[in-house]
> 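Dropping a structure here in structure tokens format, bear with me for questions.
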Amino acid sequence: MASSFHFSLLFLSLLSLSPAPAKASFHPHALLLPVQKDPSTLLYVTQLNQGTPLASENLTLDLGGQFLWVDCENGYSSTTYRPARCGSAKCSLAGADTCGECSSAAKRPGCSKNTCELFPDNTVISAATNGDLGVDVVSIQSTDGFNPGTFVSMRHFLFSCAPAFLLKGLPSGVRGMAGLGRTNISLPSQFSSRFKLNKTFAICLTASTRASGVVFFGPGPYHFLFNTDASTSLLYTPLLLNPISTADAYSRPTASSDYFIGVTSIQINQITVPNINASLLAIDSNGNGGTKISTVTPYTVLQTSIYNAVLTFFQNQLSRVPTVAAVAPFGLCFNSTNIGSTRVGPAVPPINLVLQNANVSWTIFGANSMVQVSNEVLCLGFVDGGVNPRTSIVIGGYQIEDNLLQFDLGASRLGFSSSLLFRQTTCANFNFTSNA
Ligand SMILES: *[C@@H]1O[C@H](CO)[C@@H](O)[C@H](O)[C@H]1NC(C)=O
Ligand SMILES: *[C@@H]1O[C@H](CO)[C@@H](O)[C@H](O)[C@H]1NC(C)=O
Ligand SMILES: *[C@@H]1O[C@H](CO)[C@@H](O)[C@H](O)[C@H]1NC(C)=O
Ligand SMILES: *[C@@H]1O[C@H](CO)[C@@H](O)[C@H](O)[C@H]1NC(C)=O
Ligand SMILES: *[C@@H]1O[C@H](CO)[C@@H](O)[C@H](O)[C@H]1NC(C)=O
Ligand SMILES: *[C@@H]1O[C@H](CO)[C@@H](O)[C@H](O)[C@H]1NC(C)=O
Ligand SMILES: *[C@@H]1O[C@H](CO)[C@@H](O)[C@H](O)[C@H]1NC(C)=O
């Protein structure tokens with residue numbers, strides 16, 4: 001339901017938000033959130049503590065999401081919640097131009113008068129609606145990069161209250177979405193400004209159902225057992241700004257909060273895949289095309305012509321292995337009894353996403369390209385995005401698991417590790433034993 005809303009011009013003074021009262025002098029080096037994969041939706045779920053009294057809530061992790069939004073309709077009660085008054089510096093920081101007047105008699109978080117509104121977006125089902133901007137306490141664990149440390153709290157964390165229906169399509173028990181996108185009020189932006197952390201964060205997702213992956217806010221080390229600092233030996237590529245919002249609703253023209261990178265060609269077995277239309281790989285003046293990274297897309301989605309070119313060439317490069325009937329949502333599957341295994345997964349041709357020059361590629365090995373759908377069937381883990389998708393390549397969760405991705409917002413670049421399996425570790429190997 002893409003829609004745009006009229007906005008009223010508000011004449012705002014550029015007041016900065018009043019800083020939270022100084023707490024005892026503990027200054028965290030970095031912060032972290034644990035992340036689990038939900039086996040039924042294939043989405044990633046994290047836990048944040050919010051409100052007074054503090055309550056732990058499950059949230060779907062949304063890498064390109066604009067901010068934190070939470071269902072305030074059911075079960076959000078907190079004595080420290082405060083709505084953001086229309087025209088306040090908080091509304092200005094959030095870019096919240098519309099002013100809401102909740103008409104219900106029973107005032108509660110998410111329903112108050114003279115409160116500016118955002119458009120919380122369920123990016124899984126592409127639905128957005130309006131929701132109050134408010135602040136409340138959140139508490140998050142610090143880290144030295146080796147173990148979790150003490151919890152630190154932030155008293156005026158900005159988030160949006162959403163109606164309960166916006167939870168549709170999210171894992172059961174989830175109360176909202178945690179947006180890490182490029183906005184003033186995403187989790188990384190608020191944490192780095194409050195705790196004076198470097199403007200950088202990193203994600204390391206796992207498919208494990210027994211252990212957690214991790215998001216780090218702030219600089220490395222990002223330490224995984226045994227003895228791997230995944231913040232070292234990264235390759236870097238510029239993060240690209242899509243000037244046109246990719247959100248499902250917004251009140252004024254704004255840049256996209258998604259993280260785009262510049263894929264210029266695709267290679268399989270080091271050979272360039274022919275017949276990929278280069279103009280689909282660029283972001284055009286309407287914000288269409290290009291390549292973004294998403295944690296709400298389980299498998300990489302390719303525009304139809306790119307998808308067809310990649311499948312044809314991949315099959316051609318693996319022609320010694322018999323194909324079997326494709327299993328949806330995939331289009332190319334093999335008899336896995338004919339495919340050996342390596343440290344980095346099934347022995348299939350590596351896929352390179354070639355970036356700013358021929359020397360910088362994101363290499364996808366078998367562990368991230370092939371999905372075991374049954375005992376004897378391995379499928380190429382890409383899906384067809386249709387002829388006219390908004391974004392031509394959406395790199396999905398399966399392709400980024402056990403890879404560390406560092407979003408360096410200061411330098412506007414992405415650092416990527418390639419498969420940590422090469423370094424004999426995984427994203428499930430952070431040592432969650434607390435030092436605190
Ligand atoms: C979060 O989800 C996990 C797994 O579904 C569940 O065990 C836990 O109780 C949930 N936590 C809360 C606070 O709802
Ligand atoms: C980010 O915050 C600054 C300072 O408050 C404000 O001028 C700017 O408009 C905000 N950006 C967006 C996209 O809302
Ligand atoms: C933090 O960022 C500054 C400026 O970009 C950089 O010089 C410094 O090395 C960074 N610190 C760490 C620990 O990464
Ligand atoms: C390449 O893609 C652009 C943008 O979608 C389209 O206008 C053009 O016709 C395509 N070229 C070919 C040769 O298919
Ligand atoms: C895979 O190949 C093996 C050995 O050739 C054969 O026994 C098996 O039936 C094949 N499986 C499928 C799903 O085609
Ligand atoms: C790519 O690497 C080769 C060999 O290391 C080097 O000679 C060349 O200058 C590099 N090209 C670019 C564009 O960095
Ligand atoms: C994990 O961290 C704890 C606390 O620092 C430490 O005692 C333990 O040895 C670590 N585990 C491993 C396997 O290194």
Side-chain angles (χ1 to χ4, degrees), residues 7 9-19 33-51 53-61 64-67 70-71 74-78 84 87-98 116-119 133 138-139 156 158 160 164 167 170-179 181-186 188-190 192-194 199 208-213 235-238 241-247 250-258 262 264-265 267 270 352 354-361 409:
F7 66 97
L9 268 180
L10 299 171
F11 295 94
L12 303 166
S13 53
L14 289 171
L15 296 173
S16 56
L17 293 178
S18 47
L33 289 174
V35 184
Q36 302 87 35
K37 187 170 187 174
D38 175 59
S40 61
T41 58
L42 309 180
L43 296 169
Y44 302 91
V45 176
T46 189
Q47 290 79 38
L48 191 64
N49 301 304
Q50 191 179 20
L54 275 176
S56 167
E57 62 201 5
N58 283 330
L59 302 164
T60 300
L61 190 75
Q66 303 166 85
F67 43 77
V70 175
D71 163 21
N74 287 318
Y76 192 97
S77 67
S78 168
S88 66
K90 292 180 179 70
C91 301
S92 166
L93 182 70
D97 302 315
T98 43
C116 64
E117 297 191 320
L118 290 171
F119 296 94
L133 178 67
V138 302
S139 159
H156 302 288
L158 286 153
S160 179
L167 297 175
L170 302 184
S172 80
V174 156
R175 310 259 310 132
M177 298 185 84
R182 39 195 318 168
T183 68
N184 282 342
I185 62 161
S186 66
S189 295
Q190 292 197 64
S192 63
S193 80
R194 167 64 182 82
K199 289 192 185 341
S208 169
T209 50
R210 295 178 304 279
S212 294
L235 289 176
Y236 293 95
T237 194
L241 180 69
N242 183 336
I244 312 292
S245 177
T246 43
Y250 46 88
S251 63
R252 61 169 164 176
T254 178
S256 173
S257 59
D258 277 308
T264 53
S265 66
Q267 297 177 337
Q270 321 291 337
N352 284 347
V354 182
L355 297 161
Q356 67 271 32
N357 68 56
N359 291 348
V360 185
S361 285
L409 307 177

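Order of appearance sets the numbers: ligands from 1, and atoms from 1 within every ligand. In what follows, residues are counted from 1 in the order of the sequence shown.
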> Could you tell me whether ligand 2 has any atom less than 4.0 Å away from a heavy atom of Arg252?
yes

> Calculate, to the nearest 0.5 Å, the distance between atoms OG and CZ belonging to Ser251 and Phe119 respectively.
5.0 Å

> Does the protein put any heavy atom within less than 4.0 Å of atom 2 (O) of ligand 6?
yes

> Does any part of the side chain of Val35, heavy atoms only, come nearer than 4.5 Å to the side chain of Ser212, both counted from C-beta?
no

> With heavy-atom distances below 4.0 Å as the criterion, list the atoms of ligand 2 near Gly95.
14 (O)

> Out of Val360, Asn359, Asn357, whose heavy atom is nearest to atom 6 (C) of ligand 6?
Asn359

> My question is simple, although I want it checked carefully: is atom 14 (O) of ligand 6 less than 4.0 angstrom from any protein heavy atom?
yes

> Can you measure from OH (Tyr250) to CD1 (Ile244) and round to the nearest 0.5 angstrom?
7.0 Å

> What atoms of ligand 2 come within less than 4.0 Å of a heavy atom belonging to Leu93?
1 (C), 2 (O), 5 (O), 10 (C), 14 (O)

> Between Pro238 and Gln356, is any pair of side-chain heavy atoms under 4.5 Å apart?
yes

> Testing Thr183, Asn242, Leu241 for side chain to side chain contact (heavy atoms under 4.5 Å, CB included) with Ser256, which one passes?
Asn242

> If I take atom CD from residue Glu57 and atom OG1 from residue Thr46, how far apart are they, to the nearest 0.5 angstrom?
10.0 Å

> In the protein, which heavy atom is nearest to atom 9 (O) of ligand 1, and how far is it?
Asn58 ND2, 4.9 Å

> Can you list the atoms of ligand 1 that are under 4.0 Å from a heavy atom of Ser56?
13 (C)

> Taking atom 11 (N) of ligand 6 as the reference point, report whether a protein heavy atom occurs under 4.0 Å from it.
yes

> So do the side chains of Leu158 and Leu133 get within less than 4.5 Å of each other, counting heavy atoms only?
yes

